[in-house]
Amino acid sequence: GNFVHFPQLDTAAVAASADANTLTADPLFRTTQVVTNANAAPATVPALALLNFDLPDMSTPFYAAPAAAAPLAQAQALQTALKVTSITNQYANDASITAKTDWVFSMPTRRYNVAANYAAGATQATALAAANYRLFSDLGAAGHTDDMFYPAQAGAPIATGNTAIDAAGNICVVADGQRFFDREETTGGTLPVFSPGTGTTVQFCGEVSVLAFRDTGTSVLGASVARRTVTTGTYENGWGVLTTTNGGKGLPILGSSFIKLENPSASAGKSGTYGITWPHRFAR
C-alpha cells in the first residue's frame, strides 16, 4: 500500500519537482487530462495549488503505483460503484399534520470529474461566463466517453456537454425525467414546476442538493444554497420516480427523503413533532 498520511496544514503538498497528478483526480489541482467546458486545455494549470490539507481525498490511490492515471482510475471506479439510473422515494404534504418533505441528493465523487474554478473571473458574472469556470478531469482517458460529467464536444448527443451553471454558480446536471404518484398510484399528465425559475425537470446542483415539496418557505432541513422547490405537479402525499440514465452512464447519487410531521393532539394538552427518514431506492 501507499503512504497516504498528510499533515492537515496549509502548506504545499508537493515540491516543485513532484507531481500532484499522482495524488488526486480533482481537476482544480491537475495539470494533465484536464480541460475546460469548451473541451480545451485551460490557460492556467493547476487552477489551485495543492495543499496538504486537501489530501488524502477519495481519489488518492491507496494501492496503485504512483502515476498520473492512478487517481483518475480510482475516481472512475468509485463513480461506477455509486451510479444509479433511477431514484424512488416518498413525500408527504398533508396540511392537517403540517407535513413537509425534503429530498436530498449527494454526489460525493462529482468533484473528481467536474469542479468549479472560482478564480475564472473577477466578478461572479465574468466567472460564470468563462469557459474555464467548469474544469473536467478525463477519468476514462478516452475523450470523456465514459465520464458521467463531460464538457462540450463536437457532434450529438454531447455537443454542449451535460452540465450547466445556475445563478448562484452551482454546477448542475439535469434528470432525464420524473413522475409523481399519489398513494393509490394515480399519476397525472401535468408537468411539475420547479422554482426558482419555471423549470419542469429536476436539477441536481452542487455536490449536495435539496428538492423541497410544495413549501417555498423554510424547508425541513433549512436548505437555501442548492435548493429547488417543486411547487405544482405533485399530489398532497405520494411517491415519485426520477430517471437518471444520463445517456446510459447513470449518475453517482446517494441520499434520502426527510419528512417532518406534527400532531397537535398527541395527548391531552400536548402536541408532538415527528421526523421520518426514508433512504432513496435506486435502480442501477
Side-chain angles (χ1 to χ4, degrees), residues 13-14 18-51 54-55 57-61 64 66-80 82-83 107-166 168-174 203-207 246-252:
V14 293
D19 191 354
N21 297 312
T22 66
L23 299 175
T24 182
D26 192 320
L28 295 176
F29 301 124
R30 292 185 63 86
T31 60
T32 63
Q33 289 174 246
V34 56
V35 298
T36 68
N37 185 61
N39 202 18
T44 302
V45 289
L48 296 175
L50 185 64
L51 303 180
D54 294 312
L55 297 168
D57 63 28
M58 289 190 291
S59 69
T60 305
L72 301 175
Q74 180 159 308
Q76 183 75 306
L78 284 169
Q79 293 228 110
T80 300
L82 293 176
K83 73 175 183 180
M107 296 185 286
T109 60
R110 193 202 68 167
R111 59 171 284 208
Y112 307 114
N113 197 170
V114 59
N117 176 19
Y118 296 107
T123 66
Q124 183 186 52
T126 57
L128 299 187
N132 64 331
Y133 181 78
R134 281 169 283 176
L135 295 181
F136 297 80
S137 287
D138 190 351
L139 300 183
H144 303 276
T145 56
D146 296 328
D147 290 348
M148 296 179 192
F149 307 93
Y150 45 82
Q153 299 181 53
I158 55 176
T160 58
N162 72 332
T163 63
I165 304 169
D166 69 9
N170 297 306
I171 297 175
C172 304
V173 62
V174 178
Q203 294 185 69
F204 308 109
C205 298
E207 291 188 14
N246 189 30
K249 300 177 178 69
L251 289 172

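- Applying the salt bridge (charged side-chain N to carboxylate O under 4.0 Å, His left out) test to every pair with at least one member in residues 25-38, sequence neighbours left out, gives these pairs: D26-R111.
- Rounding to the nearest 0.5 angstrom, the gap separating the NZ atom in K83 from the CG atom in L78 is 13.5 Å.
- Scanning both residues, L48 and F29, for their nearest heavy atoms gives O-CD2, 3.5 Å.
- Taking all atoms of both residues into account, the shortest heavy-atom contact from K249 to H144 is CE-O, 4.5 Å.
- Residues T36 and L135 are in side-chain contact: their nearest non-hydrogen atoms beyond the backbone lie under 4.5 Å apart.
- Panel note: side chain S137, backbone A25; a donor-acceptor pair is recorded below 3.5 Å.
- Here the straight-line distance linking atom OG1 of T31 with atom CG of D19 works out to 6.0 Å at 0.5 Å rounding.
- To the nearest 0.5 angstrom, L139 atom CG is 9.5 Å from D146 atom CG.
- Contact between R134 and T163 at its shortest, heavy atoms only, is NH1-O, 2.7 Å.
- Under the 4.5 Å side-chain criterion, counting only non-hydrogen atoms from C-beta, Q203 is not in contact with N170.
- Checked by atom type and distance alone, the side chain of E207 never pairs as donor or acceptor with a backbone atom of R110 at under 3.5 Å.
- Contact of the P108 side chain with the L82 side chain is registered, since non-hydrogen atoms from C-beta on lie closer than 4.5 Å.
- Judged purely by atom type and a 3.5 angstrom limit, N113 uses its side chain to pair as donor or acceptor with the backbone of F149.
- The nearest pair of heavy atoms linking T109 to M58 is CG2-CE, 4.4 Å.
- In this view, N117 satisfies the side chain to side chain donor-acceptor pair (under 3.5 Å) rule with no residue, not counting sequence neighbours.
- Here T44 pairs with nothing under the side chain to side chain donor-acceptor pair (under 3.5 Å) rule; sequence neighbours left out.
- Judged by distance alone, with hydrogens and angles left aside, the side-chain atoms of D138 form no donor-acceptor pair with the main-chain N or O of Q33 at under 3.5 Å.
- Here the closest heavy-atom approach between residue T22 and residue P61 is recorded as O-CD, 3.6 Å.
- Taking F204 as the reference, F105 meet the ring-ring contact (aromatic ring centres under 6.0 Å, His included) condition, with sequence neighbours excluded.
- Taking OH of Y112 as the reference point, atom CG of D57 lies at 4.0 Å (rounded to 0.5 Å).
- With hydrogens and angles disregarded, a donor-acceptor distance shorter than 3.5 Å links the side chain of N246 to the backbone of M148.
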Would F136 and D147 satisfy side-chain contact (heavy atoms from CB on, under 4.5 Å), going step by step from the backbone distance to the final call?
CA-CA 10 Å; F136 297 80; D147 290 348; over 6 Å; no
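- For D54, there are no salt bridge (Lys or Arg N to Asp or Glu O under 4.0 Å) partners at least two apart in sequence or on another chain.
- Annotation: side chain to side chain donor-acceptor pair (under 3.5 Å) contacts of N39 (sequence neighbours excluded): none.
- A distance-only check finds no donor-acceptor pair linking the side chain of N37 to the backbone of A131 [under 3.5 Å].
- In terms of modelled atom types and a separation under 3.5 Å, the side chain of Y118 and the main chain of G169 share no donor-acceptor contact.
- Summarising the geometry, atom CG belonging to L55 is positioned 4.5 Å from atom CG belonging to L50; distances are rounded to the nearest 0.5 Å.
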